[in-house]
Engineer: 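Quick one: the structure is below, and I'll ask about it shortly.
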Amino acid sequence: MTDTTGRRATAVLAATGALLLAVTAGARAEVPPPDRDQRQGGAQPLAGLRVLMSNDDSMQMARPDASDGKGLYEARRALCAAGADVVVMAPWANQSGAGTSATSGGHLTVQRRAVLPGDYAKDCSGAPSRGAVYGVCKGASACGPQSASATPADTVRLGLGGALAAKAGWADGPDLVVSGSNYGPNVASVVNESGTVGAALAAIDEGVPAVALNSSYDPAVTTSLEVADRTYRRTGEFGADFIGQLHRRGLLTAKFVVNVNYPHLAEGQRPRGTAWTSVGTQKVVRSVYYRGSGDTFAVGGEICPPGAAECRPETKRDADFALLRRGHVTVTPVSPDRTFTGSEAARLAGYVRTSR
């Protein structure tokens with residue numbers, strides 16, 4: 001775990017940066033911080049653990065297919081049931097594919113959601129912070145339908161850099177950041193552009209352990225991308241239990257993101273197991289650009305057809321995507337280090353070292 005002093009130092013340094021925090025309810029904490037007794041002990045596996053949640057789908061959950069945040073609310077429900085004290089600071093609008101992009105100037109506004117969707121309102125009512133949910137938008141005024149959204153990385157950096165202290169009273173920050181559960185898996189090439197993983201990477205960059213949760217599509221459906229309600233729920237429940245196991249064993253770390261992908265399974269079916277694996281090389285999704293009028297192109301995407309020349313094949317054995325498709329829960333360590341260490345770079349390395 002990151003120690004209290006380190007988290008406080010991180011918050012101070014981030015708060016003095018160029019990013020100005022515009023909090024809609026002033027600088028006072030909206031939720032009184034829990035006392036020492038509330039943060040220690042308890043029979044629940046996550047009792048006393050402070051968790052900042054974010055995602056890249058947003059906190060809206062307003063679309064008919066609930067692709068814009070249902071996974072977040074299911075994971076929040078499960079974490080609170082396990083005893084965690086959860087605060088959500090998520091993008092105001094969908095930011096899928098944002099990767100690790102962040103806002104470098106201007107203003108961000110943190111706005112609390114008064115009415116939560118569906119049956120999620122009471123899930124965290126017994127927690128010290130009562131499961132507060134905030135959306136983060138760009139600009140210095142209240143967030144509205146036309147507001148530009150903060151990125152996933154923005155929300156985590158902002159939370160750690162002062163917003164959690166101002167809004168939830170967490171002066172020493174969270175113990176853990178949980179990103180997701182995402183609408184769809186983040187495996188192979190998709191990891192590079194994932195805002196879900198990007199939010200988690202922002203956390204470990206600030207010295208806070210992070211877990212990314214992802215819920216898989218039905219691989220048999222190729223005309224549309226759909227995540228079953230049961231998959232969201234199973235992902236959240238698995239994630240809360242898994243995090244509890246890591247917490248008890250002292251395995252939550254800020255050295256890498258723990259990227260968890262839960263498979264699509266038939267009703268009543270169980271995963272084949274939990275696999276420790278690596279990020280695959282296969283290109284899973286490709287971008288498609290449609291010519292419009294003049295200089296305008298519409299941007300879309302599609303699942304890479306098997307064997308397509310423009311879609312890079314898998315070069316690793318039993319990488320994350322392959323194991324996920326076979327019904328495993330995949331667990332992958334994702335690091336910010338993108339240095340290639342394979343032997344193929346040796347000739348180039350030799351040239352660089354001897355060149356003038």
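The shown structure was predicted, so the numbers you read here are calculated from the model rather than taken from an experiment. For the single chain, residues carry numbers from 1 onward in sequence order.
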Engineer: Indicate whether the side chain of D85 and that of S129 have a donor and an acceptor atom separated by less than 3.5 Å.
Structural biologist: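 S129 and D85 do have a side-chain donor-acceptor pair below 3.5 Å.
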Engineer: Checking the side chain of Q282 only, and the main-chain atoms of S189 only, is there a donor and an acceptor separated by less than 3.5 Å?
Structural biologist: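 Flag not set: sc Q282 to bb S189 has no pair under 3.5 Å.
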Engineer: From N259 CG over to S179 OG, what is the distance, rounded to the nearest 0.5 angstrom?
Structural biologist: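 N259 CG to S179 OG: 9.5 Å, rounded to 0.5 Å.
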Engineer: Taking atom CZ of R113 as the centre, report whether more than 12 heavy atoms of other residues, nucleotides or ligands fall under 6.0 Å from it.
Structural biologist: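 Counting other residues, nucleotides and ligands, CZ of R113 exceeds 12 neighbours.
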Engineer: Between V51 and M53, is there a side-chain heavy-atom distance shorter than 4.5 Å?
Structural biologist: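 Yes - at least one pair of side-chain heavy atoms lies under 4.5 Å apart.
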Engineer: Would you say I303 and L324 are hydrophobically clustered, going by side-chain heavy atoms of ILVMFWY under 4.5 Å?
Structural biologist: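 Yes, it is one cluster - the side chains of I303 and L324 are joined through contacts under 4.5 Å.
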Engineer: Quick one: does T354's side chain have a donor or acceptor within less than 3.5 Å of a partner on G350's backbone?
Structural biologist: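 Yes.
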Engineer: Could you tell me if D68 and N94 have a donor-acceptor pair between their side chains, going purely by distance under 3.5 Å?
Structural biologist: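 There is no such pair (donor and acceptor under 3.5 Å, judged by atom type) between the side chains of N94 and D68.
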Engineer: Drop me the distance from D154's CG to C137's SG, to the nearest 0.5 angstrom.
Structural biologist: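 Nearest 0.5 Å value for the CG-SG distance: 11.0 Å.
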Engineer: Residues in salt bridge (Lys or Arg N to Asp or Glu O under 4.0 Å) with R272, at least two apart?
Structural biologist: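 By the salt bridge (Lys or Arg N to Asp or Glu O under 4.0 Å) rule, R272 matches no residue at all.
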Engineer: Any sub-3.5 Å donor-acceptor pair from T235's side-chain atoms to T231's backbone N or O?
Structural biologist: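 Flag set: sc T235 to bb T231 pair under 3.5 Å.
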Engineer: Whether the side chain of Y73 engages the backbone of M59 through a donor-acceptor N/O pair (distance < 3.5 Å, no angle test) should be reported.
Structural biologist: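 Yes, because the side chain of Y73 sits within donor-acceptor range (under 3.5 Å) of the backbone of M59.
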Engineer: List, by chain and number, the other hydrophobic cluster members for L201, where Ile, Leu, Val, Met, Phe, Trp and Tyr join if side-chain heavy atoms come within less than 4.5 Å, directly or indirectly.
Structural biologist: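 Result for L201 is V191, V197, I204, V257, V279, V334.
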Engineer: For residues L251 and I243: do they belong to one hydrophobic cluster (side chain heavy atoms under 4.5 Å, members Ile, Leu, Val, Met, Phe, Trp, Tyr)?
Structural biologist: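 Hydrophobic grouping puts L251 with I243.
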Engineer: Ignoring hydrogens and angles, tell me if any N or O in the side chain of T253 forms a donor-acceptor pair with the backbone of K255 under 3.5 Å.
Structural biologist: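 Yes; at least one donor-acceptor contact below 3.5 Å.
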Engineer: Hey, would you say the Y262 and Y232 ring centroids sit under 6.0 Å apart?
Structural biologist: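 When the ring centroids of Y262 and Y232 are compared, they turn out to be at least 6.0 Å apart.
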Engineer: Could you see if V331 belongs to whatever hydrophobic cluster contains L323? Use Ile, Leu, Val, Met, Phe, Trp, Tyr and a side-chain cutoff under 4.5 Å.
Structural biologist: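 No, V331 and L323 fall in different hydrophobic clusters.
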Engineer: Do the side chain of D320 and the main chain of T330 share a donor and acceptor less than 3.5 angstrom apart?
Structural biologist: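 Looks like no, no N/O pair under 3.5 Å.
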Engineer: In Å and rounded to the nearest 0.5 Å, what is the OG to CD distance from S58 to Q95?
Structural biologist: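 Result: 9.0 Å between the selected atoms.
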Engineer: Do other residues, nucleotides or ligands put more than 12 heavy atoms under 6.0 Å from Q269 CD?
Structural biologist: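 Yes, CD of Q269 has more than 12 neighbouring heavy atoms, counting only those of other groups under 6.0 Å.
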Engineer: For a quick check under 3.5 Å, do T196 and N182 share a side-chain donor-acceptor pair by atom type?
Structural biologist: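 Present: a donor and an acceptor within the cut-off.
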Engineer: Does a side-chain heavy-atom distance below 4.5 Å link Y217 with H264?
Structural biologist: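 No, every pair of side-chain atoms sits at 4.5 Å or beyond.
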Engineer: Treating R76 as the side-chain partner and G131 as the backbone partner, does any N or O pair qualify as donor plus acceptor under 3.5 Å?
Structural biologist: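 Present.
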Engineer: Grab the two heavy atoms, one from A200 and one from A210, that are nearest each other, plus how far apart they are.
Structural biologist: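 Closest heavy-atom pair between A200 and A210: O-CB, 3.5 Å.
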Engineer: Closer than 4.0 angstrom, basic N to acidic O: yes or no for D65 and K70?
Structural biologist: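 Salt bridge flag = no for K70 with D65.
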Engineer: Grab the two heavy atoms, one from D175 and one from G48, that are nearest each other, plus how far apart they are.
Structural biologist: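 Scanning both residues, the minimum pair turns out to be OD2-O, 3.9 Å.
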Engineer: So, for T151 and P91, which heavy atoms are closest and what is the spacing to 0.1 Å?
Structural biologist: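 Smallest heavy-atom distance, with atoms named: C-CG, 4.2 Å.
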Engineer: Does R312 use its side chain to pair, donor to acceptor, with the backbone of T281 at less than 3.5 Å?
Structural biologist: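 Checked: pair present.
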Engineer: Distance check, rounded to the nearest 0.5 Å: C124 atom SG versus R77 atom CZ?
Structural biologist: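 So the gap between those two atoms works out to 10.0 Å.
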Engineer: Can you find a pair of side-chain heavy atoms, one from V133 and one from L116, that are under 4.5 Å apart?
Structural biologist: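 The answer is yes, as the side chains (C-beta and beyond) meet within the 4.5 Å cut-off.
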Engineer: Under 3.5 Å, is there a donor-acceptor pair linking the side chains of D57 and S67?
Structural biologist: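 Side chains of D57 and S67: no pair found under 3.5 Å.
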Engineer: What pair of heavy atoms forms the shortest contact from G236 to A78, and how long is it?
Structural biologist: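 Looking at all heavy atoms of both residues, the closest pair is O-CB, 3.2 Å.
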Engineer: Could you tell me whether the side chain of R157 and the main chain of A102 form a donor-acceptor pair under 3.5 Å?
Structural biologist: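 No; zero donor-acceptor contacts below 3.5 Å.
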Engineer: Verify the distance criterion only: is there a donor paired with an acceptor across the side chains of S54 and T155 at less than 3.5 Å?
Structural biologist: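 Yes, a side-chain donor-acceptor pair sits under 3.5 Å.
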Engineer: Does T103 reach the main-chain N or O of G105 with its side chain, forming a donor-acceptor pair under 3.5 Å?
Structural biologist: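 Looks like no, no N/O pair under 3.5 Å.
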Engineer: Per the ring-ring contact (aromatic ring centres under 6.0 Å, His included) rule, what does the pair list look like for residues 271-329, sequence neighbours excluded?
Structural biologist: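 Residue pairs with at least one partner in residues 271-329: there are none.
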